[in-house]
2 protein chains.
Amino acid sequence: MLSRACEYGVKAVICLTIASREDRIKSIGDISRNIQTPEAFTAKVLQKLVRAGLVNSIKGKNGGFYINKEKAENLKLWDVVQIIDGDDLRYRCLLGLSNCSNAKPCPVHESYKTIREDLVRFLKRTEIKILSDRVIRGESILKIETILRTN
Amino acid sequence: MLSRACEYGVKAVICLTIASREDRIKSIGDISRNIQTPEAFTAKVLQKLVRAGLVNSIKGKNGGFYINKEKAENLKLWDVVQIIDGDDLRYRCLLGLSNCSNAKPCPVHESYKTIREDLVRFLKRTEIKILSDRVIRGESILKIETILRTN
DNA sequence: TCTTAATCGGACAATTTTGTCCGATTAAGA
DNA sequence: TCTTAATCGGACAAAATTGTCCGATTAAGA
Ligand code: FES
Ligand code: FES
């Protein structure tokens, strides 16, 4: 459904949105630990989001990634998905016909179109901010908690 | 959404369902030409469907692949998708958490669950037979028609 | 019986996706 | 000013997916 890269990107952005409440900057080590994803690969994804202007970064010591409070208020799931995965979800034919259209439709076109529109509508409506609030309230998680043992 | 292998599988099964109306057997060359997919790769996919019992095959000269009329009447899109792609679509967490559950949900779990259920319900309801009828009636296509020129 | 044409399966190749490493650059702070 | 710690970008490596090739087997039909 979403590529790994995209999954990591969404989780990272949720993580940064949480940090944005206190105007915090987070290093990639920090982030990948928080969301339990491979560090270097997640860094690549974040760099793509930086180039797209969705995330900000500061180089040098004490640097890292962050999102402005105001920007964080308005981000939708779709914003991240589109940057990382493009708009295949939006436009691709379920059977892979080169262009999905009403003119020359594949046999599932009519019914699948509805499903696909629902999915995209969901992505466009879902606010990252609200997702991050859920994590803060402990209603949902971004990674499997590791049990800390004191031997 | 669907893997290439799965796209090819669905198209091949629709093609065989059309052939089943006249109890026809089709060779892989025949099929891949009909649905415009790489021959050897499509063959692998069909072999998987044969092993799963969804498609039948006959070896030797005049052999090929076919589906029984009665079986063709009852096949759903989901039957093919599940054999080729497994049930990731059904169970996988949108953010890739190792087990999607109500107990430890990711931040999108509640809303995504609905979308995912709609998608699976669509796949489970959609009858291959009906899709094949649409192709026969010329309402939809399985490949881009190539313009035949007589030079 | 022999030739021909088909599936089957395994090995292999190419491509894409995922993941790692490292040197260059940048900036903070001792 | 020097050390340290961070992002950036490019090259590389590993794994998964997609795609090809070929020999073995099978059966039809001449
Ligand atoms: S043409 Fe296949 S989904 Fe639109
Ligand atoms: S836990 Fe993420 S979709 Fe269910």
Side-chain angles (χ1 to χ4, degrees), chain A residues 1-13 15-16 19 24-67 81 83-86 88-89 92 95-96, chain B residues 1-13 15-16 19 24-67 81 83-86 88-89 92 95-96:
Chain A
M1 182 70 84
L2 301 183
S3 68
R4 286 290 155 87
C6 194
E7 291 175 5
Y8 300 165
V10 169
K11 291 205 267 192
V13 168
C15 179
L16 288 174
R24 296 232 312 128
I25 282 189
K26 290 178 84 74
S27 74
I28 181 61
D30 219 358
I31 296 169
S32 63
R33 232 171 294 116
N34 282 200
I35 65 178
Q36 222 160 55
T37 57
E39 185 170 321
F41 188 56
T42 309
K44 293 290 186 212
V45 175
L46 276 169
Q47 278 156 30
K48 196 165 183 184
L49 293 173
V50 167
R51 279 193 293 275
L54 194 146
V55 164
N56 297 103
S57 71
I58 294 178
K59 293 176 75 170
K61 196 166 180 180
N62 300 340
F65 299 91
Y66 69 96
I67 303 182
V81 171
I83 290 167
I84 307 298
D85 279 355
D88 267 14
L89 270 188
R92 187 174 169 79
L95 302 186
Chain B
M1 183 68 85
L2 301 183
S3 68
R4 287 289 157 87
C6 195
E7 291 173 4
Y8 300 164
V10 170
K11 290 203 270 192
V13 168
C15 179
L16 288 175
R24 297 231 314 127
I25 283 190
K26 288 177 85 74
S27 74
I28 181 60
D30 220 357
I31 296 169
S32 63
R33 231 171 296 114
N34 281 198
I35 65 178
Q36 220 160 55
T37 58
E39 183 170 321
F41 189 56
T42 308
K44 293 290 186 210
V45 175
L46 276 168
Q47 278 157 29
K48 196 166 182 182
L49 293 172
V50 167
R51 280 193 294 275
L54 194 147
V55 164
N56 296 104
S57 71
I58 294 178
K59 294 176 74 170
K61 193 165 181 179
N62 300 341
F65 299 93
Y66 69 97
I67 303 182
V81 171
I83 291 168
I84 307 298
D85 278 356
D88 265 15
L89 270 188
R92 186 173 171 80
L95 302 186

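Every chain is numbered from 1 and lettered A, B, ... according to where its sequence line falls, protein lines coming before strand lines.
- Rounded to whole angstrom, the span from the OH atom of B/Tyr66 across to the C1' atom of C/dT7 amounts to 13 Å.
- When rounded to the nearest whole Å, the span between CG of B/Asn62 and C1' of C/dT3 equals 13 Å.
- Summarising the geometry, the separation between CD1 on B/Ile58 and C1' on C/dA5 is reported as 14 Å, rounded to the nearest angstrom.
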> Dot-bracket for DNA chain D: what is it, with Watson-Crick or G-U pairs under 3.5 Å, [ ] where a pair crosses earlier ones, and | for a pair to another strand?
Replying inline: ||||||||||||||||||||||||||||||

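- D/dT26 atom P lies 16 Å from atom CZ of B/Phe65, rounded to whole Å.
- Pairing each heavy atom of B/Phe65 with each of B/Leu16, the nearest pair is O-CD2, 3.4 Å.
- Residues A/Ser32 and A/Gly29 share a closest heavy-atom pair of OG-O, 3.3 Å.
- At the heavy-atom level, A/Leu46 lies nowhere under 4.0 Å from the strands shown.
- Nearest approach of A/Asn62 to A/Ile25, heavy atoms of both residues: O-CG2, 4.3 Å.
- Between B/Cys15 and B/Asn34, the closest heavy-atom pair is SG-OD1, 3.6 Å.
- Proximity of B/Ser57 to the phosphate of C/dC8: a side-chain N or O atom is located under 4.0 Å from OP1 or OP2.
- Separating the CG atom of A/Asp30 from the C1' atom of D/dA6 is a distance of 12 Å, rounded to the nearest angstrom.
- Contact record, A/Ile35 with A/Lys11: CG2-O, 3.7 Å, taken as the closest heavy-atom pair.
- A/Val13 is listed as a side-chain neighbour of A/Ile67, based on a closest heavy-atom distance under 4.5 Å.
- Where A/Lys61 and A/Arg51 meet DNA chain D, the nucleotide closest to each residue was compared, and A/Lys61 sits on the side nearer the 5' end.
- What you find for A/Asp30 and A/Arg24 is that their closest heavy atoms are OD2-NH2, 4.2 Å.
- To the nearest 0.5 Å, the span separating CG on A/Asp85 from CG on A/Leu2 amounts to 6.0 Å.
- Salt-bridge formation is not detected for the pair B/Glu39/B/Lys44: no Lys NZ or Arg NE/NH1/NH2 atom is positioned less than 4.0 Å from an Asp or Glu carboxylate oxygen.
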> For every nucleotide of nucleotides 19-25 of chain D, 5' to 3': is a protein heavy atom under 4.0 Å from its base (B), only from its sugar-phosphate (S), or from neither (-)?
Replying inline: BB----B

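- Distance, B/Ile28 CD1 to C/dA6 P: 11 Å, rounded to whole Å.
- For the pair A/Gln47 CD and D/dG10 C1', the interatomic distance rounds to 11 Å; values are reported in whole Å.
- For A/Asp88 and C/dT16, the CG to P distance is 13 Å, given to the nearest whole Å.
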